[in-house]
Amino acid sequence: MKKGDHLFLVDGSGYIFRAYHALPPLTRKSDGLPVGAVSGFCNMLWKLLSEARDTSVGVTPTHFAVIFDYSSKTFRNELYPEYKANRSAPPEDLVPQFAVIREATRAFDLPCIEMEGFEADDLIATYARLAREAGADVTVISSDKDLMQLVGPQVSMYDSMKDRQIGVPEVIEKWGVPPEKMIDLQALTGDSVDNVPGIPGIGPKTAAQLIEEFGDLDTLLERAGEIKQNKRRENIIEFADKARISRELVRLKDDVEVTEKLDELVLNPLDGPKLVAFLKGMEFTSLTRRVAEATETDASAVDAAEVAVDAAAEMRGPDLDPGKAGKAGASGTSGKGDDTPQGLAKRRAEATASAKIDTSAYETLRDIDQLKAWCAMARERGLVAFDTETTSLDAMQAELVGFSLALPETAPDTGDLMVRACYAPLMHSNGAGDLLGGGGAQAGQMPMQEALSELKALLEDPAVLKIGQNLKYDMLVMAQHGISIESFDDTMLLSYVLEAGAGGHGMDSLSERWLGHTTIGYKDVTGSGKNAIPFAEVQIDKATAYAAEDAEVTLRLWHVLKPRLVADGVASVYERLERPLAPVLMRMEKHGIRVDRQILSRLSGELAQGAAALEAEIQELAGENFNVGSPRQLGEILFDKMSLPGGTKTKTGQWSTTAQALEDLAAAGHELPRKIVDWRQLTKLKSTYTDALPGFINPETKRVHTSFAMAATTTGRLSSSDPNIQNIPVRTAAGRKIRTAFIAEPGNVLISADYSQIELRVLAHVAHIPQLTQAFADGVDIHAMTASEMFGVPIEGMPSDVRRRAKAINFGIIYGISAFGLANQLGIERSEAGEYIRKYFERFPGIKDYMEATKAEAKENGYVTTIFGRRAHYPEIRSSNPQVRAFNERAAINAPIQGSAADIIRRAMVRMEPALEKAGKKARMLLQVHDELIFETAEADAGSIIPVIVEVMENAAMPAVDMAVPLKVDARAALNWDEAH
DNA sequence: CCTATCTCTTA
DNA sequence: GTAAGAGATAGGT
């Protein structure tokens, strides 16, 4: 930037609030998204930019930036904890607009700048100073008096709503003091909106007069005794300290270490189609037309952009209200009269939890008319809790035994929530195999088909919200009967979004936690162990108490948890990453993957042979027969009997026989440990995979249907079980053979598409590491680049060991590195590992900053956040036990990285089916392995489908987050998983 | 029969 | 150093 340049700085946050209050309320897009403030903001930007192109107007910007508040927690809160403490929460319909306005800024191709710990005003002050020092002129687009201290010969302000220029004369005219005295003036008057104290009884007029008389604040405070008016004199003397604090609060910080440099703010020509796409998506018809004309864009040829209601704004929503949010969340008061989302959520929780649950009051639906009556009531209410009872935990093999419903009612006297619940038994039978014959249906059950057709009408009615706990399971059960569940909420997912890491999300623990109610256990009705009976054989009255209670508890949980979604600012995580994924995963599980029984059986035989041969050799070398699979017996043989050196003990005092320990012994020339390692590999592969997998082949579908758990991990990853397909071997040749058993149907192929280095890319983005960002932009080998930076070795011809070390360090960083862990991984001394880490931090100082900031955030809030707003809770990070604490710190450092990557692939999965549909190709998504998606499709279609898959995956973060680093996806098709991967 | 411990597989 | 699930053994009930 140079003399003659002109920088425009838009006070985005200030503008949002002004536009919101100035414009007619309740301007909404057709999908209900409130967009009034967005509309005002876009019109303002367009006006500024189109005038900028009109050279007849005097002022034309060469550089441009829009600045936002990041959160209200700034250095000012350290100075004065009450700062902005009386702010009320932003209006509910404004909250979602914060994110959209950032999106709008990007659509205009303008830099969108915000920084944690600083207000927009500080960033504006900093850029204004930098530009001034470069000799350029500055216009601040705002009318906020807090910014008037910046006005001077090179800096002026512009009130875009009143179309008014604010220079030095205007400041003097309005406030009676020149801009440089504005700080002193505000120190005296204070600010009730921001809770800046000032001096009581002094307003702008008196303040200006005092400053005129004494020159500045310090002089005034020194000579306050000279003031004639008694009360005024006393107040100034008494509250002198408050005035000094106030001065520091209103003084803008103009030396923030900003990341975007001035030259990056240069104003580029508008990208017409991009902006038109956004405006079209927002349904701003007249602005769309104006922009299309001015940029010569054919609006009809541009697809409307998806509008982001992203997490970032919701994250900040409650932050804007530290006072009330904090009080409502933490104090024990009932929050009566508190109309913030936090207050409402709290009142709802208290009212719901205080109610008694009576499991003897449930209705059993015996005939179809009773069911019809309940369905009619559900339609009237528009919402119903629903739960299925089945014969199996495996939803693919489960038979429907009955279902329960629960409806909300309002108590006439107190207005509290009351719940009516019922159970409809469908397939209960008498115990089979006893002397009386048994096996017949229990009396008083309605015909299955009629019941199902009533149920279908209810579940598929989008006007009735279905509430369930782990509804993916019920969806799968109902899908077997050709029934889908159309609009729904899931209490398990609500709980997961609200408090992943803070406790379990099963119904029993949720009921204890939120309702203080202990539910009837499944085992209480079925018995356990060898006395257990199938649920279908449970007496109907007992089943009614159990099943209807589940529906009631689910409904009550929903009443408690759903309002907290908005109160806690995590609604978009639920709406975009959790709820829409449930039916997607349901279909993946339902489809399953074909597994070749013959291949596994052959492998089992080979493995058995190999293991048997090794076992014989092992017994021979050991000189006795022992259980090779028993670590305890093995440890005694190796370290007591044979007295091999270097043995270590586990925490329970047993000899450690880990693969690493055995490898070390093998390296020292001992034959036995090597054979143990080999034997373990073979038996592991056999027992866990080749023997176990065939047992998961569904007899009906002949395919394997894993179960994906959506609420199992703290970070947002999925987990897989029954069988776990996320740990199928890949690293060794022997292990990979197991993957060859995962095959496509004849005529089909499997496609595997996986993200390349997604976690390191996320790290580069969240920690703002320029070298990493550049390396990914250039597509260079990231580990080699790291090695080159650290060890000064050129990338060309780098020894593989140097790269290996750098790779271990990169992974270590993601895992919250410790010298101990890195030393272990690389087999080097801890001191050497510590030296590597020191060097790494020296070369990439941003990483250290990121780690410290993340730890501090976790300690402060009890949780950390992904780039999409998902929270991972670490309550034990404040533990007094240093080991526990350190472990939680590492986990907290890892969670935003692992979790953001998990969010990205979730977004891809949610968008994948519509994208494939739109491309007109039939392809089924089958599996997810953290950074990889597996599909099956007709062989002839693979070539045309791969680009669609890659496109969806690589753009999955957009538009909610515009990553600083490109995402890269590799995809391949083959007849089996091993070759596709 | 249930649970804890140890080990090993994946990203 | 992060995140998972699962099998075998051993020891309690």
Side-chain angles (χ1 to χ4, degrees), chain A residues 500-501 523 528-532 626-635 649-662 676-677 679-689 691-693 696 706-709 712-732 734-736 738-739 754-760 763 808-826 830 833-834 836-837 851 854 864 872 874 886-899 901-902 905 927-932 981:
Chain A
K523 283 172 189 160
S528 71
K530 67 176 165 44
N531 299 319
F626 72 106
N627 183 346
V628 184
S630 166
R632 211 184 69 165
Q633 293 179 33
L634 174 63
K649 298 274 181 89
T650 66
K651 62 177 174 234
T652 52
Q654 272 197 63
W655 290 111
S656 170
T657 65
T658 61
Q660 185 61 59
L662 298 176
I676 303 279
V677 170
W679 179 88
R680 277 192 182 163
Q681 189 194 16
L682 299 186
T683 53
K684 174 78 176 175
L685 293 175
K686 182 170 184 293
S687 66
T688 310
Y689 302 106
D691 287 352
L693 276 173
F696 287 101
T706 185
S707 175
F708 288 107
T713 71
T714 302
T715 55
R717 274 193 179 178
L718 302 177
S719 77
S720 152
S721 64
D722 308 298
N724 179 358
I725 52 78
Q726 293 180 323
N727 69 348
I728 303 296
V730 71
R731 293 203 227 276
T732 65
R736 271 198 301 276
I738 291 162
R739 291 199 169 210
D754 69 300
Y755 283 107
S756 160
Q757 309 282 14
I758 188 167
E759 292 192 345
L760 278 174
L763 175 69
I809 294 167
N810 275 334
F811 276 97
I813 295 296
I814 291 170
Y815 298 155
I817 204 153
S818 77
F820 180 86
L822 183 63
N824 250 357
Q825 176 67 32
L826 287 176
R830 205 188 305 191
Y836 284 175
I837 295 169
M851 289 180 151
T854 307
V864 291
Y874 294 94
F887 176 78
N888 278 272
E889 285 173 356
R890 290 194 297 271
I893 287 168
N894 171 254
I897 304 168
Q898 186 184 117
I905 197 165
L927 303 176
Q928 189 247 45
V929 191
H930 309 309
D931 65 357
E932 174 188 14
H981 184 71

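Source: prediction; values computed, not measured. Every chain is numbered from 1, with letters handed out A, B, ... down the list of sequences.
Checked against C/dG7, B/dT9, B/dA11, the side chain of A/D931 finds its nearest nucleotide in B/dA11. Checked against C/dA3, C/dG5, B/dT10, the side chain of A/V730 finds its nearest nucleotide in B/dT10. Checked against C/dA6, C/dA10, C/dA3, the side chain of A/D722 finds its nearest nucleotide in C/dA6. Side-chain atoms of A/Y815 lie closest to C/dT2 of the nucleotides C/dA3, C/dT2, C/dA10. With distances taken from any side-chain atom of A/R632 to the nucleotides B/dA11, C/dG11, C/dT9, the minimum falls on C/dG11.
Between the CZ atom in A/F708 and the CG atom in A/L927 there is a gap of 5.0 Å [rounded to 0.5 Å]. A/T854 contributes atom OG1, which lies 7.5 Å from atom CD1 of A/I897 (distance to the nearest 0.5 angstrom).
Of the possible donor and acceptor atoms, one in the side chain of A/Q726 sits under 3.5 Å from a partner among the backbone N and O of A/Q928. With hydrogens and angles ignored, the 3.5 Å screen pairs a side-chain donor or acceptor of A/S720 with a backbone N or O of A/I725. Between the side chain of A/T713 and the backbone N or O of A/G716, at least one donor-acceptor pair lies under 3.5 Å. A/R717 places no side-chain N or O within 3.5 Å of a backbone atom of A/H930 that could act as its donor or acceptor partner.
Among the heavy atoms of the strands, none lies under 4.0 Å from A/A902. Residue A/I728 is classed as a sugar-phosphate contact, given heavy-atom separations below 4.0 Å to backbone atoms only. If you check every strand for non-hydrogen atoms under 4.0 Å, A/F887 touches sugar and phosphate atoms only. At a threshold of 4.0 angstrom between heavy atoms, the contacts of A/R731 include nucleobase atoms, whether or not backbone atoms are also involved. A/D754 comes within 4.0 angstrom of no nucleic acid atom, judged by non-hydrogen atoms across all strands. In this structure, A/T683 reaches neither bases nor backbone, as no heavy-atom distance under 4.0 Å exists between it and the strands shown. Looking at heavy-atom distances under 4.0 Å, A/A808 makes contact with a base. Nucleic acid contact class of A/S719 (heavy atoms, under 4.0 Å, all strands): sugar-phosphate only. In this structure, A/G629 reaches the sugar-phosphate backbone alone: every heavy-atom distance under 4.0 Å involves primed, P, OP1 or OP2 atoms, never a base.
Between A/R680 and the phosphate of C/dA8, there is no side-chain N or O to OP1/OP2 separation shorter than 4.0 Å. Checking the phosphate oxygens (OP1, OP2) of C/dT2, a side-chain nitrogen or oxygen of A/R890 falls inside 4.0 Å. Taking 4.0 angstrom as the limit, A/T650 places none of its side-chain polar atoms (N or O) nearer than this to OP1 or OP2 of B/dT7. Of the side-chain N and O atoms in A/T657, one or more sit less than 4.0 angstrom from OP1 or OP2 of B/dT7. The phosphate of C/dA10 has OP1 or OP2 within less than 4.0 Å of a side-chain N or O from A/Q633. Regarding contacts with the backbone of C/dT9, a side-chain N or O of A/N627 is found under 4.0 angstrom from either OP1 or OP2. The phosphate of C/dT2 has neither OP1 nor OP2 within less than 4.0 Å of any side-chain N or O from A/T715.
Atom OH in A/Y874 sits roughly 10 Å away from atom P in C/dT2 (whole-Å rounding). A straight line from CG of A/N894 to P of B/dA11 spans 16 Å, rounded to a whole angstrom. The CG-P distance, from A/L662 to B/dC6, rounds to 15 Å in whole Å. Between the P atom of B/dA11 and the CZ atom of A/F811 lies a distance of 10 Å, rounded to the nearest Å. Atom CD of A/Q681 is separated from atom P of B/dC8 by 11 Å (rounded to the nearest Å). Atom CZ of A/F696 and atom C1' of C/dG7 are 11 Å apart (whole Å). A straight line from CZ of A/F626 to P of C/dA10 spans 12 Å, rounded to a whole angstrom. For the pair A/Q928 CD and C/dG5 P, the computed distance is 13 Å after rounding to whole Å.
Test A/L634, A/V628, A/L685 against A/R680 for side chain to side chain contact (heavy atoms under 4.5 Å, CB included) and you get one pass: A/L634.
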